[in-house]
Amino acid sequence: MSFGAEAGPPPAPGPRVWEKGARAVSRLAAVAGLAAIAVFLSTAARRLDHPYALEWLEGNSLVEVWRLRAGLPLYSAPTVDYVPDGYPPLYFVISAGTAALLGASYLPLRLVSSLAAVACFVVLARLVQRETGDLAAGIAAAGLYAATYFAAGAWFDLARVDSLFLAFSLAGLYGARWMRRARGAVASGALLAAAFLTKQTALAEVVVVTAVLLCGASRRLAVIMAGTFAGAVALVTLVWGAASRGWYVFYIFELLGQHPWERGAWAGFWTWYLFPVMGVALGAALLAVGRVTPVVGAGCLALMAEGYAGLLHTGGAVNTMLPAFAAVALLAGVAMGGPRSAWRRAAAGALVLLQIAFLAATTFAPARMVPTAADRRVGDALVAWVRGFGGRVAIFSDPGLGMAAGLPPVAHRGAGYDILRGTSVAAKASLGRSIARAIEERWFAAIVVEQSQDLKGLAAGLARTYRRCPGTLLAGVPRQVFRPVTGPSVRPAELWLPVGGASCAAAFHRLAVELTRNAGA
């Protein structure tokens with residue numbers, strides 16, 4: 001008997017070697033990805049309850065949540081007291097509900113963002129796993145996105161809308177890819193509507209994915225999904241638009257289009273961020289061509305377009321790139337698995353592993369992104385000092401600091417600047433009148449300036465009623481202390497007091513006393 005003859009010749013060793021290599025590299029990339037996720041979770045946990053702004057625009061998110069809990073309108077005419085960010089309400093509504101349980105601070109807002117970032121990891125991993133049948137590839141894709149955390153300014157867990165928007169966007173894409181019945185289409189439309197109601201750029205994903213579905217066998221489901229999305233967005237627009245006397249429509253649908261283009265961003269999208277951060281992984285993503293399904297491919301293109309669009313307007317920053325980074329990670333994960341040539345899967349896995357290692361070597365900076373005890377002590381001293389003025393203090397770059405002192409908030413300079421660089425005559429007039437009245441009538445016991453742009457819109461009449469105190473606030477505090485860990489690196493620098501009012505020398509002395517007291521605490 002010749003069992004060998006019946007069994008046939010043994011398989012060629014080449015494919016078997018490539019298959020083993022692909023599995024090994026995929027597992028290594030998954031381990032590296034889990035390490036990147038663990039670093040994010042550790043860093044986010046260490047700064048979750050920091051009582052002061054990690055990024056300068058966090059302060060306006062805190063104000064918006066405070067207004068919701070106080071029963072004040074979220075969208076209203078811009079004034080020196082308040083200018084909303086140009087985002088829909090969902091992140092602020094969810095954060096306000098969380099704040100009702102945890103109290104008024106940055107903690108509930110950052111918790112919402114942190115959980116949303118974890119949701120991004122989970123959906124990315126599950127989507128890739130379901131596309132490829134390879135759990136390791138899914139984990140590697142999620143970890144690749146997590147590895148961009150520091151390169152993206154440690155933005156995932158900030159008190160900003162971006163992570164929640166991306167979580168809903170990815171979940172909506174997952175739903176659109178795998179919906180088989182009407183209820184799945186309704187759920188997908190609702191998730192995409194939630195993404196849009198967190199950040200408007202989600203519209204690109206809805207349009208592109210719906211268009212692809214309409215060209216295939218899922219036309220009926222596409223109509224249901226798009227109808228659900230349109231109905232939810234229309235209802236919210238109608239209710240909030242009427243309640244705000246049209247200001248909701250202005251902030252959500254008009255304001256961004258009034259801003260000029262950032263000409264350098266046409267190439268900067270690639271040269272500032274995408275190539276430096278994900279250049280190696282782009283090679284893996286290209287290996288997914290021919291493997292990725294039309295819906296997932298369209299969704300990834302839309303996510304890239306959303307990142308591009310956000311960066312093209314003046315004021316865009318690295319946070320707008322998060323959808324693009326997630327799209328590259330998703331495509332790279334798809335390239336790592338599935339029934340395709342083993343050498344391509346091995347190559348994709350190697351590129352993902354190399355990209356994670358590169359980001360870890362060049363951007364890993366948890367110590368720099370976590371505020372220190374010294375930061376907190378200086379913040380506590382500033383809060384006590386601000387409270388000591390006995391009246392309202394305007395800190396236009398950090399209204400959260402005044403709120404920590406128990407004072408009513410003021411408009412954030414970033415949101416106010418969005419109005420000033422827009423083209424709406426009514427919005428500019430409303431803000432200008434309010435500023436002029438506040439300065440003329442000396443509404444503020446003090447004005448604290450963090451950067452020269454804080455005085456934009458104030459300078460015309462400021463010198464008549466307020467005087468700049470000689471000296472620099474926090475001059476004796478080390479330069480790196482009490483600065484946001486990401487974004488503009490600013491801190492209180494100038495003090496303006498009402499003409500004929502309190503003494504500058506006394507104000508500086510009080511600050512020195514508070515700094516000394518807290519240093520010894």
Side-chain angles (χ1 to χ4, degrees), residues 56-57 59-64 66-68 70-89 92 200 236-262 313-316 391-399 402-403 407-466 468 494 496 498-499:
W56 77 301
L57 285 173
N60 214 36
S61 296
L62 188 66
V63 171
E64 287 165 300
W66 173 83
R67 288 182 68 89
L68 283 173
L72 298 173
L74 189 60
Y75 304 98
S76 58
T79 67
V80 73
D81 297 315
Y82 174 63
V83 180
D85 286 319
Y87 296 121
F92 308 110
Q200 308 92 307
V236 171
T237 301
L238 179 64
V239 171
W240 284 80
S244 66
R245 299 183 179 181
W247 285 108
Y248 174 83
V249 174
F250 166 72
Y251 287 112
I252 306 309
F253 296 101
E254 299 177 15
L255 181 58
L256 182 62
Q258 296 178 2
H259 295 164
W261 295 106
E262 180 64 63
H313 286 277
T314 55
R392 193 175 182 191
V393 177
I395 312 175
F396 293 110
S397 279
D398 190 1
M403 293 177 66
L407 303 177
V410 295
H412 196 288
R413 186 196 72 80
Y417 182 53
D418 282 344
I419 300 297
L420 295 176
R421 64 195 175 100
T423 59
S424 171
V425 174
K428 288 184 177 182
S430 175
L431 182 59
R433 286 193 303 268
S434 178
I435 290 174
R437 183 182 175 191
I439 297 303
E440 186 65 28
E441 297 180 5
R442 307 187 192 189
W443 287 5
F444 305 117
I447 298 174
V448 176
V449 177
E450 292 197 339
Q451 47 190 325
S452 59
Q453 295 95 320
D454 291 354
L455 299 178
K456 190 175 181 65
L458 300 178
L462 188 64
R464 293 196 304 270
T465 52
Y466 286 83
R468 178 185 174 183
E494 298 178 12
W496 291 68
V499 172

Looking at Arg392 and Ala446, would you say the former's side chain and the latter's main chain have a donor-acceptor pair under 3.5 Å?
no
Give a yes or no answer on whether the side chain of Glu64 reaches the backbone of Asp85 with a donor-acceptor pair at less than 3.5 Å.
yes
Provide the full list of salt bridge (Lys or Arg N to Asp or Glu O under 4.0 Å) pairs with a residue in residues 437-446, sequence neighbours left out, each pair given once.
Arg437-Glu441, Glu440-Arg464
Are the side chain of His412 and the backbone of Ser61 linked by a donor-acceptor contact shorter than 3.5 Å?
no
Fit a plane to each ring of Tyr248 and Phe253, take the angle between them on a 0 to 90° scale, and name the class: parallel (under 30°), tilted (30 to 60°) or perpendicular (over 60°).
perpendicular
Between Arg67 and Asp81 (salt bridge meaning N to carboxylate O under 4.0 Å), is one present in this structure?
no
Thr423 side chain vs Gln258 backbone, donor-acceptor pair below 3.5 Å
no
Shortest non-hydrogen contact from Gln451 to Val449?
O-CG1, 3.3 Å
Check this for me: Lys428, atom NZ, are more than 12 non-hydrogen atoms of other residues, nucleotides or ligands nearer than 6.0 Å?
yes
What distance separates Tyr87 OH from Leu74 CG, expressed to the nearest 0.5 Å?
13.5 Å
Looking only at heavy atoms, what is the nearest atom pair of Tyr75 and Pro89, with distance?
OH-N, 3.1 Å
Search all heavy atoms of Pro78 against all heavy atoms of Ser430 and return the closest pair with its distance.
O-OG, 2.8 Å
Quick one: ring pair (Phe, Tyr, Trp, His ring centres under 6.0 Å) pairs with a partner in residues 416-439, sequence neighbours left out?
none
Taking every heavy atom of Phe250 against every heavy atom of Ala427, the minimum-distance pair comes out as CZ-CB, 3.7 Å
Donor-acceptor pair, distance only, cut-off 3.5 Å: does the side chain of Asn60 make one with the backbone of Val83?
yes
Compare all side-chain heavy atoms of Ile419 with those of Leu255 and state whether any distance is below 4.5 angstrom.
yes
Just by modelled atom types, is the Ser76 backbone N or O under 3.5 Å from a matching donor or acceptor in the Tyr82 side chain?
no
In terms of heavy-atom contacts, Trp66 and Leu72 come closest through CZ3-CD1, 3.8 Å
